[in-house]
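In what follows, every chain begins at residue 1, and chains take the letters A, B, ... in the order their sequences are listed.
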There are 2 protein chains.
Amino acid sequence: MTEATPGRRGGRQLPTADELRIWRDFIETTAALGSRLESRLQSDSSLSTGDYAVLLALSEAEGQAMRSSELAAHIGWERSRLSHHLGRMERRGLIRRQECATVPRGAEVLLTTAGAEAFAGATFPHLRAIRELFVDALTPEQIVAAGEIAAALRTRLDVLRGQ
Amino acid sequence: MTEATPGRRGGRQLPTADELRIWRDFIETTAALGSRLESRLQSDSSLSTGDYAVLLALSEAEGQAMRSSELAAHIGWERSRLSHHLGRMERRGLIRRQECATVPRGAEVLLTTAGAEAFAGATFPHLRAIRELFVDALTPEQIVAAGEIAAALRTRLDVLRGQ
DNA sequence: TTAGCATCATTGACACGTCAACCGGTAGGT
DNA sequence: ACCTACCGGTTGACGTGTCAATGATGCTAA
């Protein structure tokens, strides 16, 4: 197996033209899918996917409240991103923040009634949009394959963490 | 085939728990893949993927120049987004804008020398990152499947255009 | 002729994300 | 006691994206 017969996949530096075309289709289409879901959620409920992730986590939490850094870890956000987002959500009355009784320096994030209502109203249309735009677009085999592809990509991202 | 044996996929309103788990893995992982590529490109070349898309299109254009709305159509952006982005790229000296000689009201976008150099320096590391993070993460069969999944999702997005 | 009307592009307001700096408080080592 | 280092959280600056409104200019029909 030499350079002239590139059967070993590590022997190449760059993607082939076919691989590159698939890469572009894949990354652009998944990005477009994400923004379509975003805009469906927005028009159905005036929430962003970020709002939805926060409200989902708080809804499932005991007491419908979480410490800020727990919440950040739970939804996989940086603390700074969460802090900015909570500021915007607090202005819209979806959540409240108060000092944490148990942990010094801790901030407790509370779901408000308005936030719970907004989340309840958003859930059904959001799940329906996921079905229409993702589940119904693919065969059952493709859905399984999508899961495997996501797992493989995630593994690779973790292996090359920090690069 | 009844509600109790849901073989017809249109008979359901909402995704199953398995479908939902795959959806989340898929959309979050592809988003993370996109941001990793973005940050690799940024540290390798001080360009964003938006910059790269603009510079790629201009590099391949005759005379390394395009009309603004042609460029927007070519890379699939809204004109307003492109206008904002070109403003930032112009401040950094990557492109220039001038009135178009042939089309009234048209703006011609020109690649500058600095822009061409930045693009040339970014290409190799960017393609290498695509290989490392996407091509090398998947088996050849998975790459084909990814292409088919992207095509199916794109078709669905087009069918439901505007929703 | 001129009153609309579409088209090309820009602008402003705002939401969102990252990065780096910062603040206040606790804990450890000397 | 004091210095330092970390930890939880916030803030500011800036790049990026969308939407709606605004010029600026040509086309068309009363």
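At a threshold of 4.0 angstrom between heavy atoms, the contacts of A:R97 are confined to the sugar-phosphate backbone, with no base atom among them. Residue-level contact check: A:S48 touches the backbone only, with heavy atoms under 4.0 Å from sugar-phosphate atoms and none from bases.
In this structure, CG of A:L86 is placed 11 Å from C1' of D:dT10, rounded to the nearest angstrom. To the nearest angstrom, P of D:dC19 lies 6 Å from CD of B:E78. Atom P of nucleotide C:dG17 and atom CE of A:M89 are separated by 12 Å, given to the nearest angstrom. Taking atom NE2 of residue B:H84 and atom C1' of nucleotide C:dT11, one finds them 7 Å apart after rounding to whole Å.
Within the structure, every side-chain polar atom (N or O) of A:R88 is placed at least 4.0 Å from both OP1 and OP2 of C:dC14. Checking the phosphate oxygens (OP1, OP2) of D:dG15, a side-chain nitrogen or oxygen of B:R91 falls inside 4.0 Å. Contact annotation: A:S69 does not reach the phosphate of D:dC7 (side-chain N/O to OP1 or OP2, under 4.0 Å). Between D:dC19 and B:R81, no contact under 4.0 Å exists linking OP1 or OP2 to a side-chain N or O.
Under a 4.0 Å N-O distance rule, the pair B:E28/A:R154 does not qualify as a salt bridge. Using a cutoff of 4.0 Å between basic side-chain nitrogens and carboxylate oxygens, B:R96 and B:E108 are not scored as salt-bridged. In summary, A:R92 and A:D51 engage in a salt bridge, as defined by a charged side-chain N under 4.0 Å from a carboxylate O.
Comparing C:dC19, C:dC16, D:dT16 by their nearest atom to the side chain of A:H85 picks out C:dC16.
Nearest-nucleotide mapping onto DNA chain C: of B:S39 and A:D51, the residue sitting toward the 5' end is A:D51.
Rounding to the nearest 0.5 Å places CG of B:L94 at 6.5 Å from CG of B:L47.
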